[in-house]
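Structure first, then comments.
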Amino acid sequence: MTDNIQSLGEFSLIESIKSGFKVPEGAIGIGDDCAVLPQKTGLQTLVSTDLLVEGVHFIREDIGPYRLGWKSAAVNISDVAGMGGRPIATFLAFALPSDTPTSWVEEFVRGYRKLSERFCCPLLGGDTTLSKSGISICVTVLGECAEGRAKLRSSAKPGDLVCVTGPLGDSAAGLKLSLYGRNAEVIYADNKKVDALSCDVPASTTESLLQRHFQPVPRVHSGLILGKCDGVHAMMDISDGVGSDIRHILKASGVGAEIDVEALPLSDELKATCSAKGWDAVELALCGGEDYELLFTIDPESLAELEVKSYPIGRITTNPELKFKGSDRDYRGFTHF
Ligand code: ADP
Ligand code: MG
């Protein structure tokens, strides 16, 4: 029986990946030097790449292969949603240690496929190489939008409302719970009785936060609707936390904003967990990141007719500063280095 990818070999591995994905009409997918996609008049192509590195972006044992596959596709497709586009295809390059079990790759691909099918976004190519240290995953996504209609970070206007499409901070709380759980094991091993994931929060609550962290759902449908709305000016997906991401919009647009800390949408699960554990929900919502909701600015008149669930959290100002109303703190999201 073939039980790791070294015995399976590069090309059998690629074959097994290929067999699970349907190639769309008129396109050529995995198997040649390049994929071939038809050009469509009146549309523009969106392209984005993200890299996920073991130990930096994920802990292999915590996330597991299925959810890692799902998340690798999801976070990339989310970038297309952030522009108001429709995802078309992804490309998956990964570096794997030679002793990676075949079953690990199968589960990874199963999760990747599940998310891809949900958004009709097939895998059409990639690269597979040996890694001497840990797993790295690089996904490129292609998307499309009508000519000149991509929602940019640079289009926010003074007077716009700042909105998000869903609750913030769940993913960060999920990550904290997951890391906390690991520490608990270590502490237990030392025979000190600290029960980190203890019953002060119901399992269904922690499970929903863990799910939001490990299996985010990109807001593709909301993005498409927001993309068609003229009143929506600037847009992006929330990957580093609103405390960071809003700054990108402000800088690119040459404007400022006032964010109302009390208006942040917080889930019941987040509130319950934060009160049980003494965590700061606002900090998780603004600094945590990886919520993969959409952050957009909209002319206030257009908000009423918008067919997307949205939560106003502030307003764009001419004064190019970022202020947090209801708090005397500054909030910044995640940055590398
Ligand atoms: P090349 O040597 O030209 O880079 P490869 O032998 O690496 O080609 O890949 C063969 C085919 O398999 C290509 O179509 C490539 O896009 C595809 N491929 C390789 N690795 C992956 C992967 N991890 N996921 C999807 N497609 C892959
Ligand atoms: Mg290659």
Side-chain angles (χ1 to χ4, degrees), residues 2-40 45-61 63-81 85-144 214-216 218 220:
T2 312
D3 56 10
N4 71 34
I5 58 168
Q6 183 166 37
S7 43
L8 181 66
E10 178 185 346
F11 294 107
S12 307
L13 180 64
I14 295 172
E15 270 313 308
S16 77
I17 296 175
K18 178 182 172 179
S19 62
F21 290 89
K22 273 199 217 101
V23 180
E25 223 18 64
I28 297 171
I30 295 172
D32 216 313
D33 291 329
C34 288
V36 183
L37 291 165
Q39 294 246 3
K40 299 181 194 163
T45 305
L46 306 168
V47 190
S48 179
T49 292
D50 262 308
L51 186 58
L52 296 174
V53 176
E54 181 171 358
V56 177
H57 298 95
F58 62 91
I59 296 169
R60 201 194 303 193
E61 298 75 25
I63 188 166
Y66 180 87
R67 298 190 298 191
L68 183 59
W70 170 293
K71 190 167 178 176
S72 303
V75 302
N76 280 273
I77 289 176
S78 176
D79 281 319
V80 171
R86 178 185 303 284
I88 310 241
T90 62
F91 294 80
L92 164 66
F94 51 11
L96 301 168
S98 60
D99 63 356
T100 308
T102 307
S103 60
W104 191 95
V105 183
E106 282 166 2
E107 274 302 284
F108 177 94
V109 173
R110 198 168 68 79
Y112 193 100
R113 195 168 56 230
K114 187 80 182 165
L115 191 281
S116 304
E117 281 169 354
R118 180 151 167 183
F119 296 104
C120 302
C121 182
L123 175 67
L124 293 187
D127 202 19
T128 306
T129 85
L130 171 68
S131 166
K132 296 282 185 183
S133 160
I135 293 175
S136 294
I137 300 151
C138 179
V139 177
T140 299
V141 63
L142 295 188
E144 65 188 18
F214 288 125
Q215 277 184 269
V220 175

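Read the numbers this way: they start at 1 and go in the same order the structure lists the ligands and their atoms.
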Report summary line: The answer for which part of F94 has a heavy atom under 4.0 Å from ligand 1 is side chain
Report task. Name the orientation class of the two ring planes belonging to F108 and F94 (parallel below 30°, tilted from 30 to 60°, perpendicular beyond 60°). Result -> tilted
Query raised in the report: Taking non-hydrogen atoms only, is L124 closer than 4.0 angstrom to ligand 1 via side chain, backbone, both or neither?
Result: neither
Query raised in the report: Hey, is ligand 1 close enough to G126 that some N/O pair sits below 3.5 Å?
Result: yes
Report task. Could you tell me which non-hydrogen atom of S72 sits nearest to which non-hydrogen atom of V139, and how far apart they are? Result -> O-CG2, 3.8 Å
Query raised in the report: Counting heavy atoms not belonging to R113, are there more than 12 under 6.0 Å from its CZ?
Result: yes
Query raised in the report: For atom 20 (N) of ligand 1, which candidate among L13, L96, T128 holds the nearest heavy atom?
Result: T128
Requested in this report: Before signing off on this row, confirm whether A93 and ligand 1 have an N or O atom pair separated by under 3.5 Å.
Outcome: no
Report task. Would you mind listing which atoms of ligand 1 come within a distance below 4.0 Å of any non-hydrogen atom of F11? Result -> 6 (O)
Query raised in the report: Ignoring hydrogens and geometry, is there a side-chain-to-backbone donor-acceptor pair from S12 to G9 under 3.5 Å?
Result: no
**Report entry** Heavy-atom closest pair, residues I14 and T128
**Finding:** CG1-OG1, 3.9 Å
Query - Residue from T140, D79, N76 passing side-chain hydrogen bond (donor to acceptor under 3.5 Å, both in side chains) with T49 - result: T140
Requested in this report: Please say whether L92 places an N or O atom under 3.5 Å from an N or O atom belonging to ligand 1.
Outcome: yes
Query - Proximal atoms of ligand 1 relative to D32 (non-hydrogen, under 4.0 Å) - result: 13 (C), 14 (O)
Report summary line: Under 4.0 Å between heavy atoms, the region of I30 that gets near ligand 1 turns out to be both
Query - Enumerated ligand 1 atoms positioned under 4.0 Å from heavy atoms of G31 - result: 11 (C), 13 (C), 14 (O)
Requested in this report: Kindly give the heavy-atom pair with the smallest separation between L123 and F21, and that separation in Å.
Outcome: N-CD2, 3.4 Å
Query - Atom indices of ligand 1 within 4.0 angstrom of D33 heavy atoms, with elements - result: 3 (O)
Report task. Begin with the C-alpha distance, continue with both residues' side-chain angles, and end with the deciding distance and a verdict on side-chain contact (heavy atoms from CB on, under 4.5 Å) for E144 and L46. Result -> CA-CA 5 Å; E144 65 188 18; L46 306 168; 5.9 Å; no
